[in-house]
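Input: a single structure, listed below in structure tokens.
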2 protein chains.
Amino acid sequence: MKIDPKSKTDLSAQIAKAIRDAIVSGALIVDERLPSEAEMSEQFEVSRATVREALKRLAAQSLIRTQRGAFGGAFVNRLSFEEAYGQQITTSTLLLSMNAVSFETACEARFALERACAPLAAERRSADHLATMRAEIFRQTQPGLSDEGWCASDVAFHRALVDATGNPVLSYQLAGAVEAMQPLMNMITFTARSRERIVALHEQIADHCDAGDGTGIEATLGDLAAYTRALGQEMAAKRRAT
Amino acid sequence: MKIDPKSKTDLSAQIAKAIRDAIVSGALIVDERLPSEAEMSEQFEVSRATVREALKRLAAQSLIRTQRGAFGGAFVNRLSFEEAYGQQITTSTLLLSMNAVSFETACEARFALERACAPLAAERRSADHLATMRAEIFRQTQPGLSDEGWCASDVAFHRALVDATGNPVLSYQLAGAVEAMQPLMNMITFTARSRERIVALHEQIADHCDAGDGTGIEATLGDLAAYTRALGQEMAAKRRAT
DNA sequence: AATTTTCATTTGTCTGACGTTTAAATGTCT
DNA sequence: AGACATTTAAACGTCAGACAAATGAAAATT
């Protein structure tokens with residue numbers, strides 16, 4: 001691990017990169033303890049503050065965790081699916097909100113990806129996942145449900161569909177797509193009528209899933225995508241009118 | 001933005017969270033300048049070092065960028081698709097390598113996601129993307145191509161297919177899936193025969209794409225997935241034997 | 001008017017210090 | 001000997017103050 005003090009980039013960034021590379025390459029393995037901050041500052045010939053800034057960078061990426069006290073220190077963290085979910089969701093959300101991605105584009109991406117789960121979900125769906133889907137549909141029929149509650153339930157329903165594939169990698173990849181859409185979805189004010197329509201489609205999806213009919217799920221997702229896009233266009237038109 | 005000095009978590013983590021929330025919520029907009037480190041340390045009633053650690057955390061997530069000198073400071077960063085790609089790829093790669101994800105599972109996820117692009121790619125493919133695909137196929141037929149070169153070309157081919165959808169959100173979501181597979185793919189030593197077989201499938205995909213036949217792309221991707229999985233199992237069997 | 005110089009501001013880094021946490025080592029009592 | 005309390009050393013978390021380097025604006029000069 002070499003550091004170039006004359007480089008234009010920050011020392012803390014260089015040190016973070018060196019350690020990150022060591023982790024990615026496997027030179028540092030999971031749960032291995034890094035040298036103490038004091039040792040590293042000697043090794044890299046920088047101050048402890050600089051080493052700490054580097055470590056904080058890595059901690060922000062969940063690459064390491066730190067523990068205080070004797071025999072504490074920084075340890076290589078086993079990146080869990082939950083942590084990866086979380087990071088992907090914040091990244092995706094920011095990416096969409098900061099780059100003026102159209103509702104159309106985001107919608108297309110989301111349903112295209114979700115459609116990919118259909119065959120696997122139909123094949124492997126468990127009673128548990130089906131029960132979650134049914135429960136969310138039930139919640140969606142409650143008259144008093146707030147807009148926030150509706151959106152959350154919508155996300156939960158689709159998450160159940162994705163999780164039904166039994167493939168954690170797939171779930172992880174789709175978490176960003178589904179959850180990052182929520183803020184955009186929140187912009188649509190759902191009328192009672194549109195909710196009814198969507199619930200009907202959700203029911204169809206659950207039925208197809210129950211029957212192990214992957215093609216049916218794909219078709220209904222297509223309908224749902226078309227309807228959602230129509231709602232989005234309607235909203236855009238309304239906004240232009242005001 | 002409130003900070004609790006008595007909380008169990010680090011002050012720098014709390015401050016980072018406060019600023020991150022402000023960015024995500026839109027209270028701080030793109031290119032807006034944050035207060036100087038000195039001002040923040042007064043505002044949060046912590047030392048400058050603590051503020052700096054918080055800022056480094058945010059910089060690691062590409063949420064802010066910093067500039068030195070007068071009228072410099074920390075600015076809210078517009079998260080670009082490139083940066084998001086990069087982050088997703090490192091996260092995905094680590095997730096796969098640290099969680100003992102089976103080749104089978106990763107393969108399934110990858111091809112399921114890629115399959116989702118087929119209809120859109122068939123519909124919108126441009127001459128540019130087709131040319132890239134053909135060029136990569138040509139490179140893959142060169143006898144002297146190293147294993148690394150082969151893998152890189154394979155990734156480039158599939159990236160072209162994904163990019164052919166013309167949907168940057170979709171490209172972003174799939175970047176992780178495709179690129180994170182590379183290290184796993186590298187574990188398979190490609191024989192000349194398997195290369196030949198894969199090139200043939202790539203050619204079929206390019207042809208289907210050319211013809212605008214989305215269903216054909218899906219079918220061939222299915223074949224490719226099956227063949228890749230078979231190679232993986234063969235490799236696993238060989239490893240068990242030794 | 002164009003160029004150079006000055007200058008204040010801000011980040012990057014260093015030093016040294018102190019508090020807090022933590023687990024191991026030690027000591028004490030039964 | 002064994003259970004419990006105490007001490008202690010190691011390590012992180014935070015702080016205060018300092019200096020260097022960069023940088024753009026404003027002032028001075030040609």
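Every chain is numbered from 1, with letters handed out A, B, ... down the list of sequences.
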Query raised in the report: Rounding to a whole Å, what distance do you find between A:Phe44:CZ and C:dT13:P?
Result: 14 Å

Query raised in the report: Picking from A:Leu96, A:Asn99, A:Leu113, what satisfies side chain to side chain contact (heavy atoms under 4.5 Å, CB included) with B:Val169?
Result: A:Leu96

Requested in this report: Give the rounded distance in Å between these two atoms: CD1 of B:Ile64 and P of C:dT11.
Outcome: 10 Å

Query raised in the report: Side-chain N or O of B:Thr50 less than 4.0 angstrom from OP1 or OP2 on D:dG13?
Result: no

Report summary line: Atom CG of B:Leu11 and atom P of D:dT14 are separated, to the nearest Å, by 4 Å

Report summary line: Whole-Å distance, B:Arg65 CZ to D:dA22 P, equals 20 Å

Query raised in the report: How close or far is atom P of C:dC14 from atom CD of B:Glu53, stated in whole angstroms?
Result: 14 Å

Query raised in the report: In the 5'-to-3' direction, what one-character label does each nucleotide of nucleotides 4-12 of chain D receive under the scheme B = base within less than 4.0 Å of a protein heavy atom, S = sugar-phosphate only, - = no such atom?
Result: -----BBBB

Query raised in the report: Taking side chain as C-beta onward, heavy atoms only, is B:Arg229 less than 4.5 Å from B:Glu108?
Result: yes

Query - Within 6.0 angstrom of B:Glu42 CD, more than 12 heavy atoms from elsewhere - result: no

Query - Partner set under side chain to side chain contact (heavy atoms under 4.5 Å, CB included) for A:Glu179, not counting sequence neighbours - result: A:Ile89, A:Val155, A:Arg159

Report summary line: A:Arg52 meets the salt bridge (Lys or Arg N to Asp or Glu O under 4.0 Å) criterion, sequence neighbours left out, with A:Glu37, B:Glu53

Requested in this report: Return the orientation label for the A:Phe157 and A:His202 ring planes: parallel under 30°, perpendicular over 60°, tilted otherwise.
Outcome: parallel

